[in-house]
A.B. asks: 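Could you have a look at this structure, given as structure tokens, before my questions?
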Amino acid sequence: MSKDTIADIITSIRNADMNKKGTVQIPFTNITENTLKILLREGFVENVRKHRESNKYFLVLTLRYRRNRKGSYKTILNLKQISTPSLRIYFNYHKIPRILGGVGIVILSTSRGIMTDREARLERIGGEILCYIW
């Protein structure tokens, strides 16, 4: 685990997807919990539950897959990290980018917590762009 929790979430999900695993175990922090709740609410993951193992809490994430015409399974989730610890990217609510014309979402860290781009535009607040999801 590094100090960049968003990068750890993205890497864990990508690794599980490449190995065709259905579940991902992510260490519990408030940032990871709020980010994964957004993924669940927007329909990018199937389930998120809290799990305790030897005095440590984990979030167990169940990935959502779709079936191709050839019968193989492919994940619906594509992630891209934007802000890093060495380069923070901030936008006001006017300039928050739209991903794939509004199909994807942008997760922001604002003064009112972690939220999506739609919620930030409605509340008229900007913040740090954490990642893009489509």
Side-chain angles (χ1 to χ4, degrees):
M1 284 297 299
S2 67
K3 294 193 184 254
D4 191 6
T5 56
I6 300 299
D8 292 336
I9 293 171
I10 291 171
T11 303
S12 299
I13 291 172
R14 279 190 194 141
N15 288 342
D17 181 39
M18 285 192 302
N19 292 327
K20 301 203 177 9
K21 295 195 175 193
T23 61
V24 182
Q25 191 172 5
I26 298 172
F28 177 81
T29 63
N30 288 333
I31 294 173
T32 57
E33 180 183 30
N34 292 332
T35 306
L36 294 179
K37 280 182 182 178
I38 289 174
L39 291 178
L40 180 65
R41 186 176 64 226
E42 295 290 328
F44 288 105
V45 296
E46 197 168 310
N47 190 15
V48 177
R49 64 184 169 86
K50 198 172 184 181
H51 178 70
R52 183 179 176 186
E53 189 174 296
S54 67
N55 262 350
K56 292 183 182 178
Y57 286 97
F58 294 96
L59 291 169
V60 179
L61 173 72
T62 306
L63 298 177
R64 176 171 281 175
Y65 288 96
R66 67 175 175 218
R67 193 169 196 169
N68 290 343
R69 292 180 188 171
K70 297 177 183 177
S72 63
Y73 288 96
K74 185 178 180 183
T75 184
I76 298 175
L77 192 61
N78 291 315
L79 301 142
K80 181 179 181 185
Q81 182 183 10
I82 303 303
S83 282
T84 60
S86 61
L87 179 63
R88 305 285 185 180
I89 309 284
Y90 295 94
F91 282 108
N92 63 11
Y93 74 96
H94 291 295
K95 296 185 179 182
I96 296 173
R98 295 185 191 272
I99 306 303
L100 295 176
V103 175
I105 63 170
V106 177
I107 295 182
L108 294 108
S109 175
T110 66
S111 59
R112 296 185 190 155
I114 295 177
M115 60 179 64
T116 65
D117 56 339
R118 291 180 208 111
E119 295 168 350
R121 282 189 201 97
L122 285 175
E123 294 189 22
R124 301 177 70 127
I125 55 174
E128 178 185 355
I129 306 287
L130 297 178
C131 62
Y132 295 159
I133 300 168
W134 69 95

A.B. asks: Using a 4.5 Å cut-off between side-chain heavy atoms of Ile, Leu, Val, Met, Phe, Trp and Tyr, which other residues end up in the same hydrophobic cluster as Ile125?
C.D. replies: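 Members other than Ile125 - counting any ILVMFWY side chain reachable under 4.5 Å - are Met115.
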
A.B. asks: Which value, rounded to the nearest 0.5 Å, describes the distance between His51 atom NE2 and Lys56 atom NZ?
C.D. replies: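 Going from the NE2 atom of His51 to the NZ atom of Lys56 covers 12.5 Å.
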
A.B. asks: Please determine whether side chain to side chain contact (heavy atoms under 4.5 Å, CB included) holds for the pair Asn15 and Thr11, giving the CA-CA distance in whole Å, both sets of side-chain angles, and the decisive distance to 0.1 Å.
C.D. replies: CA-CA 6 Å; Asn15 288 342; Thr11 303; 3.6 Å; yes

A.B. asks: Please tabulate, one pair per line, all N/O donor-acceptor pairs under 3.5 Å involving side-chain atoms of residues 24-50, not counting sequence neighbours.
C.D. replies:
unit_1: Thr29; atom_1: OG1; unit_2: Thr32; atom_2: N; d: 3.2
unit_1: Thr29; atom_1: OG1; unit_2: Thr32; atom_2: OG1; d: 3.1
unit_1: Thr32; atom_1: OG1; unit_2: Pro27; atom_2: O; d: 3.3
unit_1: Thr32; atom_1: OG1; unit_2: Thr29; atom_2: N; d: 2.9
unit_1: Thr32; atom_1: OG1; unit_2: Thr29; atom_2: O; d: 2.9
unit_1: Asn34; atom_1: ND2; unit_2: Asn30; atom_2: O; d: 3.2
unit_1: Thr35; atom_1: OG1; unit_2: Ile31; atom_2: O; d: 2.8
unit_1: Arg41; atom_1: NH2; unit_2: Glu119; atom_2: OE2; d: 2.9
unit_1: Glu42; atom_1: OE1; unit_2: Arg118; atom_2: NH1; d: 3.1

A.B. asks: For the residue pair Ala120 and Tyr93, what are the closest heavy atoms and their distance?
C.D. replies: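 Residues Ala120 and Tyr93, closest heavy atoms: O-CB, 4.1 Å.
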
A.B. asks: Kindly work out whether a path of hydrophobic side-chain contacts (I/L/V/M/F/W/Y, heavy atoms less than 4.5 Å apart) joins Ile96 to Leu87.
C.D. replies: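 Yes, Ile96 connects to Leu87 through the hydrophobic network.
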
A.B. asks: Atom CG of Leu130 and atom OG1 of Thr84: how far apart are they, to the nearest 0.5 Å?
C.D. replies: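 Answer rounded to 0.5 Å: 11.5 Å.
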
A.B. asks: Ile129 and Pro97: which non-hydrogen atoms are nearest, and at how many Å?
C.D. replies: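 Shortest heavy-atom separation between Ile129 and Pro97 comes out as CD1-CD, 4.4 Å.
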
A.B. asks: Taking atom CD1 of Ile13 and atom NZ of Lys21, what is their separation to the nearest 0.5 Å?
C.D. replies: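 That separation rounds to 14.5 Å.
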
A.B. asks: Should Trp134 and Ile89 be counted in the same cluster of Ile, Leu, Val, Met, Phe, Trp and Tyr side chains packed under 4.5 Å apart?
C.D. replies: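 Yes: a chain of side-chain contacts under 4.5 Å links Trp134 to Ile89.
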
A.B. asks: Rounded at 0.5 Å granularity, tell me how far CZ in Arg14 sits from CG in Asn78.
C.D. replies: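 It is 8.5 Å, given to the nearest 0.5 Å.
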
A.B. asks: Do any side-chain atoms of residues 99-112 form donor-acceptor pairs under 3.5 angstrom with protein atoms, and if so which ones, sequence neighbours left out?
C.D. replies:
unit_1: Thr110; atom_1: OG1; unit_2: Arg112; atom_2: N; d: 3.2
unit_1: Thr110; atom_1: OG1; unit_2: Gly113; atom_2: N; d: 3.4
unit_1: Thr110; atom_1: OG1; unit_2: Gly113; atom_2: O; d: 2.7
unit_1: Arg112; atom_1: NH1; unit_2: Glu123; atom_2: OE1; d: 2.9

A.B. asks: Compare every heavy atom of Tyr90 with every heavy atom of Arg88, then report the nearest pair and how far apart it is.
C.D. replies: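 The answer is CB-CE1, 3.4 Å.
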
A.B. asks: Using 0.5 Å steps for rounding, measure from the CG atom of Leu63 to the OG1 atom of Thr23.
C.D. replies: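 Here the rounded value is 7.5 Å.
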
